[in-house]
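Below is one structure, written out as structure tokens; comments come after it.
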Amino acid sequence: EVAVSWRPSTEFAGNLYKGEGILAASPRRVWECIKPVAGGLRTKWDQNVKDFEVIETISDTVSVCRTTTPSACMRIISPREFVDVVVMKQYEDGTMVSAATNVEHPLCPPQPNFVRGFNYPCGCFCIPVPGEPDRTELLTFFQTDLGGYLPQTVVDSFFPSSISGFYSNLTKAVKALKA
């Protein structure tokens with residue numbers, strides 16, 4: 001179960017999308033599947049992440065990363081690349097957060113065969129459910145300019161179903177991690 005909502009972004013001419021749902025797993029297990037690290041599990045289960053690499057490690061919680069995506073919507077959306085500064089944080093209550101926004105980096109100029117997209121402030125929040133250690137509230141926020149020349153109607157139809165698929169595939173990945 002996931003609820004997806006959106007409103008116009010204050011950052012760019014697109015929308016801010018919010019996904020929220022409860023997963024039947026501990027925050028640690030959910031975090032293991034979504035944390036933005038090189039060699040992490042995200043490329044294995046997230047159909048919208050083809051590759052993830054760390055371009056520069058700034059500290060143990062801040063890095064500059066490049067994410068590539070495969071084509072989507074029957075190849076109407078060609079492969080994209082995103083370069084972001086990413087921060088990870090864990091709070092005292094056990095909440096784990098990954099937040100990111102686009103950045104330019106000299107070690108990562110635009111690559112051929114990819115359209116450069118831009119993530120505006122976005123993130124994932126793995127929040128413990130009080131009294132239920134094997135349940136996690138997951139809040140996700142996406143405000144992505146896919147770049148290129150896509151009609152806004154294509155983008156608007158892509159994101160809600162993509163977010164729903166993200167939660168569905170994450171639920172399967174978390175179950176597989178338990179096995």
Side-chain angles (χ1 to χ4, degrees), residues 1-23 30 33-37 40 42-43 45-56 62-89 95-127 137-171:
E1 296 278 324
V2 59
V4 179
S5 56
W6 60 92
R7 66 171 175 75
S9 172
T10 59
E11 300 287 329
F12 77 113
N15 291 318
L16 165 63
Y17 294 90
K18 176 184 176 184
E20 49 190 324
I22 303 287
L23 283 83
V30 175
C33 290
I34 66 170
K35 67 183 175 183
V37 295
R42 185 104 179 241
T43 59
W45 64 265
D46 189 340
Q47 64 197 24
N48 291 314
V49 176
K50 185 174 183 180
D51 193 26
F52 181 88
E53 60 184 306
V54 175
I55 303 300
E56 180 182 359
V62 179
S63 56
V64 175
C65 303
R66 177 177 181 258
T67 305
T68 60
T69 66
S71 60
C73 288
M74 297 180 292
R75 298 189 180 192
I76 293 171
I77 300 174
S78 57
R80 292 326 202 231
E81 68 172 348
F82 301 88
V83 179
D84 300 299
V85 60
V86 179
V87 63
M88 294 182 285
K89 183 167 174 81
T95 297
M96 289 168 266
V97 176
S98 162
T101 192
N102 72 79
V103 68
E104 290 186 28
H105 195 281
L107 295 177
C108 197
Q111 301 296 304
N113 303 320
F114 290 96
V115 173
R116 177 64 60 98
F118 301 94
N119 286 316
Y120 289 87
C122 57
C124 295
F125 296 75
C126 293
I127 305 165
E137 179 183 4
L138 181 65
L139 293 178
T140 56
F141 295 92
F142 300 97
Q143 46 183 348
T144 301
D145 177 352
L146 291 175
Y149 300 102
L150 291 170
Q152 192 60 40
T153 54
V154 171
V155 176
D156 292 342
S157 66
F158 170 74
F159 270 102
S161 62
S162 173
I163 293 168
S164 180
F166 172 90
Y167 277 79
S168 175
N169 291 333
L170 175 55
T171 298

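All heavy atoms count here, side chains included; hydrogens, waters and symmetry mates do not.
The shortest heavy-atom contact between I163 and G19 is CG2-CA, 4.1 Å. Scanning all heavy atoms of the two residues, the minimum distance from S157 to V154 falls at OG-O, 3.0 Å. Across all their heavy atoms, V54 and C65 have their closest contact at CG2-SG, 4.2 Å. In terms of heavy-atom proximity, F166 sits nearest to I34 at CZ-CG2, 4.2 Å. The heavy-atom pair separating Q111 from E81 by the smallest distance is N-OE2, 2.8 Å.
Side-chain N/O atoms of T67 and D51 include no donor and acceptor closer than 3.5 Å. Side-chain contact check for S78 and R80: at least one donor-acceptor pair (N or O, by modelled atom type) lies under 3.5 Å.
With rounding to the nearest 0.5 angstrom, the NZ atom of K89 is 13.5 Å from the OG atom of S98. Between F158 atom CZ and L150 atom CG the span is 9.5 Å, to the nearest 0.5 Å. Distance check: S63 OG to E53 CD gives 11.5 Å after rounding to the nearest 0.5 Å. In this structure, the separation between CZ on R66 and CG on L107 is 12.5 Å, given to the nearest 0.5 Å. To the nearest 0.5 angstrom, C33 atom SG is 9.0 Å from L23 atom CG. One distance of note links OG1 of T68 with CG of N48; it measures 11.0 Å at 0.5 Å rounding.
For the pair F82 and T144, the minimum side-chain heavy-atom distance is below 4.5 Å. Two residues are said to be in side-chain contact when any heavy atoms from C-beta on lie closer than 4.5 Å; L138 and L170 meet this criterion. Within the 4.5 Å cutoff, the side chain of P70 has no heavy atoms near those of the P79 side chain. Under the 4.5 Å side-chain criterion, counting only non-hydrogen atoms from C-beta, Y167 is in contact with T140.
A search for side-chain contact (heavy atoms from CB on, under 4.5 Å) contacts involving V37 returns K35, M88, not counting sequence neighbours. Evaluation of the side-chain contact (heavy atoms from CB on, under 4.5 Å) rule for N102 yields D84, F118, Y120 as partners, not counting sequence neighbours. For E56, the side-chain hydrogen bond (donor to acceptor under 3.5 Å, both in side chains) partners at least two apart in sequence or on another chain are H105. The side-chain contact (heavy atoms from CB on, under 4.5 Å) test applied to C122 returns A100, N119, not counting sequence neighbours. By the side-chain contact (heavy atoms from CB on, under 4.5 Å) test, L139 pairs with K18, E20, F125, I127, E137, F141, sequence neighbours left out.
Within 6.0 Å of CD in E104 there are 12 or fewer heavy atoms belonging to other residues, nucleotides or ligands.
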Which donor-acceptor pairs under 3.5 Å do the side chains of residues 8-17 make with protein atoms, sequence neighbours left out?
{"from": "S9", "atom 1": "OG", "to": "E11", "atom 2": "N", "distance (Å)": "2.8"}
{"from": "S9", "atom 1": "OG", "to": "F12", "atom 2": "N", "distance (Å)": "3.3"}
{"from": "S9", "atom 1": "OG", "to": "Q143", "atom 2": "OE1", "distance (Å)": "2.6"}
{"from": "N15", "atom 1": "ND2", "to": "Y17", "atom 2": "OH", "distance (Å)": "3.3"}
{"from": "N15", "atom 1": "ND2", "to": "D156", "atom 2": "OD1", "distance (Å)": "3.3"}
{"from": "Y17", "atom 1": "OH", "to": "D156", "atom 2": "OD1", "distance (Å)": "3.4"}

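For W6 and F142, the gap between ring centers reaches or exceeds 6.0 Å.
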Inset, instruction - With side-chain contact (heavy atoms from CB on, under 4.5 Å) as the test, would you mind laying out the steps for R42 and V49 before giving the verdict? - result: CA-CA 7 Å; R42 185 104 179 241; V49 176; 4.0 Å; yes
Inset, instruction - Run the numbers on I77 and L146 for side-chain contact (heavy atoms from CB on, under 4.5 Å), then give the verdict. - result: CA-CA 9 Å; I77 300 174; L146 291 175; 4.2 Å; yes
Inset, instruction - Applying side-chain contact (heavy atoms from CB on, under 4.5 Å), run through T101 and V85 and close with a yes or a no. - result: CA-CA 6 Å; T101 192; V85 60; 3.8 Å; yes
